[in-house]
Amino acid sequence: MNSQFSELPSHKKVFVASDFHLGSPDHATSQKRERKIIRWLTSIQSEAQAIILAGDLFDFWFEYGEVVPRGYIRFLGKLAELKDQGVEIIVFIGNHDLWMFDYFPNELGIPIIRKPESFRIGKNTMLIGHGDGLGPGDRKFKFFKKIFSNKVAQWFFKWAHPDIGIPLAKAWSDSSKNREEPFEGEQERIFQHCKKVESTTHHDYYIFGHRHLVLNMPIAENSTYLNMGEWITDSHYIEIDSNSVTLRKFED
């Protein structure tokens with residue numbers, strides 16, 4: 001368990017957000033959302049001990065060795081500024097940006113994590129991740145994720161010129177969002193995964209994104225599943241201090 005935030009200073013907090021989907025659905029709309037995200041980051045800057053970004057920061061991301069997708073310069077610059085000021089930043093990989101490799105660690109000093117990880121933050125234990133591929137069923141998605149995570153498939157893709165490969169990948173990304181499922185109550189796959197984990201290892205909170213739904217669901221008497229939704233149409237995040245975990249909405 002990651003316990004680096006187990007003793008938070010009284011005036012400091014950890015913030016968690018996910019599913020910015022920068023790049024979607026078009027440049028102008030994405031840039032407007034990017035500026036809003038930066039205003040949020042600026043608003044929490046003085047209080048933040050750490051910021052955990054739980055996946056799908058970009059609607060598509062692929063690192064071509066010496067090249068990364070154009071755009072997002074204000075967002076990346078803000079992350080660099082926060083990091084240089086001593087704010088710890090952790091990025092989880094989502095299904096839309098799973099082709100992150102070493103750009104964030106090498107250029108920004110920000111670690112990337114590919115699977116859910118347990119943290120102790122203040123007095124609470126929590127499991128944090130993006131949430132894609134968890135729980136029962138959804139075999140089609142899990143099949144394609146294995147293909148996209150395959151190093152041979154990634155090697156072939158990088159030989160497509162970015163002017164061809166990136167538009168194709170963005171088209172696939174848009175089609176996958178169109179297939180998002182409605183709320184399924186206790187049959188939600190991530191919720192089912194949380195219940196399974198809780199049956200063997202207790203966490204006070206399970207914090208995920210991916211579903212594009214803001215959720216607050218009890219798992220057991222002292223255990224709760226929180227989902228932060230997305231920033232395409234909304235702007236929820238989680239604020240954690242030494243004693244409490246609060247789901248909030250950024251009001252610009």
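Computed from a predicted structure; not experimentally measured.
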Tell me, with the steps shown, if Phe208 and Cys194 meet side-chain contact (heavy atoms from CB on, under 4.5 Å). CA-CA 10 Å; Phe208 291 95; Cys194 296; 3.8 Å; yes
With side-chain contact (heavy atoms from CB on, under 4.5 Å) as the test, would you mind laying out the steps for Arg120 and Asn2 before giving the verdict? CA-CA 6 Å; Arg120 176 174 289 280; Asn2 189 324; over 6 Å; no
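- For Glu47 and Lys12, the salt-bridge test fails: no basic side-chain N is under 4.0 Å from an acidic carboxylate O.
- With contacts defined as side-chain heavy-atom distances shorter than 4.5 Å, the pair Trp99/Ile93 does not qualify.
- The distance from atom CG of Asp26 to atom OG of Ser30, rounded to the nearest 0.5 Å, is 8.0 Å.
- Residues Phe92 and Ser18 form no side-chain contact, since every pair of their non-hydrogen atoms from C-beta on lies 4.5 Å or further apart.
- For the pair Val14/Ile52, a side-chain contact is recorded, criterion being any heavy-atom separation below 4.5 Å from C-beta on.
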side-chain contact (heavy atoms from CB on, under 4.5 Å) assessment of Ser24 paired with Arg33: CA-CA 10 Å; Ser24 175; Arg33 183 163 67 256; 4.2 Å; yes
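- Looking at every heavy atom in both residues, Val87 comes nearest to Gln45 through CG2-O, 4.4 Å.
- Taking the six-membered ring for Trp and thresholds of 30 and 60 degrees, Phe58 and Tyr72 have ring planes inclined between 30 and 60 degrees apart.
- Of the residues Ile121, Asp204, Val16, the one that meets the side-chain contact (heavy atoms from CB on, under 4.5 Å) test with Met126 is Ile121.
- Looking only at side-chain heavy atoms (C-beta outward), Ile238 and Thr246 stay at 4.5 Å or farther from each other.
- Remark: side-chain polar atoms of Arg211 are not paired, donor with acceptor, to backbone N or O of Ile190 under 3.5 angstrom.
- Note on Tyr225: it clusters hydrophobically with Phe183, by side-chain heavy-atom contacts below 4.5 Å among ILVMFWY residues.
- There is a path of hydrophobic side-chain contacts, each under 4.5 Å, that joins Val91 to Ile44.
- Side chains of Tyr205 and Asn124 form a contact here, defined as non-hydrogen atoms less than 4.5 Å apart.
- Relative ring orientation between His130 and His210 is described as perpendicular, the plane-to-plane angle rising above 60° on a 0-90° scale split at 30° and 60°.
- Panel note: side chain Arg114, backbone Leu98; a donor-acceptor pair is recorded below 3.5 Å.
- The two residues Asn227 and Gly229 make their nearest non-hydrogen contact at OD1-N, 3.1 Å.
- Counted within 6.0 Å of CD on Gln85, heavy atoms from surrounding residues, nucleotides or ligands total more than 12; the atom is thus considered enclosed.
- Phe60 is not listed as a side-chain neighbour of Asp97, based on a closest heavy-atom distance of 4.5 Å or more.
- Of the possible polar contacts, none joining the Asp241 side chain to the Lys13 backbone as a donor-acceptor pair under 3.5 Å is found.
- Shortest non-hydrogen contact noted between Leu134 and Pro116 is CD1-CG, 4.2 Å.
- Smallest separation of non-hydrogen atoms from His202 and Ser223: CE1-CB, 4.2 Å.
- Trp231 and Phe250 have parallel rings, their planes meeting at less than 30° on a 0 to 90° scale where 60° marks the start of perpendicular.
- Atom CD of residue Glu88 and atom CD of residue Gln49 lie 8.5 Å apart, to the nearest 0.5 angstrom.
- With rounding to the nearest 0.5 Å, the separation of CG in Leu215 from CZ in Phe191 is 10.0 Å.
- Across Ala54 and Met228, no two heavy atoms sit closer than the pair CB-CE, 4.0 Å.
- For His21 and His212, the gap between ring centers is short of 6.0 Å.
- There is no path of hydrophobic side-chain contacts, each under 4.5 Å, that joins Leu213 to Val245.
- Both Val214 and Ile128 are assigned to one and the same hydrophobic cluster, defined by single-linkage of ILVMFWY side chains at heavy-atom distances under 4.5 Å.
- Expressed to the nearest 0.5 Å, how far CZ of Phe20 lies from CG of Asp56 amounts to 11.0 Å.
- A salt bridge links Glu81 to Lys78: at least one charged side-chain nitrogen sits closer than 4.0 Å to a carboxylate oxygen.
- Classification of the Tyr237-Trp40 ring pair by plane angle, with boundaries at 30° and 60°, yields tilted.
- Ile110 CD1 to Leu53 CG: the interatomic distance, rounded to the nearest 0.5 Å, is 7.5 Å.
- At a cut-off of 3.5 Å, with distance as the only test, a side-chain donor of Tyr206 or Glu198 sits close to an acceptor on the other residue.
- The side-chain heavy atoms of Phe75 and Ile37, taken from C-beta on, include a pair separated by under 4.5 Å.
- Taken together through direct or relayed side-chain contacts under 4.5 Å among Ile, Leu, Val, Met, Phe, Trp and Tyr, Leu127 and Leu247 form parts of separate hydrophobic clusters.
- Considering only heavy atoms from C-beta on, Lys123 stays 4.5 Å or farther from Ser242 through its side chain.
- Between atom NZ of residue Lys83 and atom CD1 of residue Ile51 there is a gap of 11.0 Å, rounded to the nearest 0.5 Å.
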side-chain hydrogen bond (donor to acceptor under 3.5 Å, both in side chains) for His203 and Ser118? Distances and angles first, verdict last. CA-CA 8 Å; His203 295 82; Ser118 295; 2.8 Å; yes
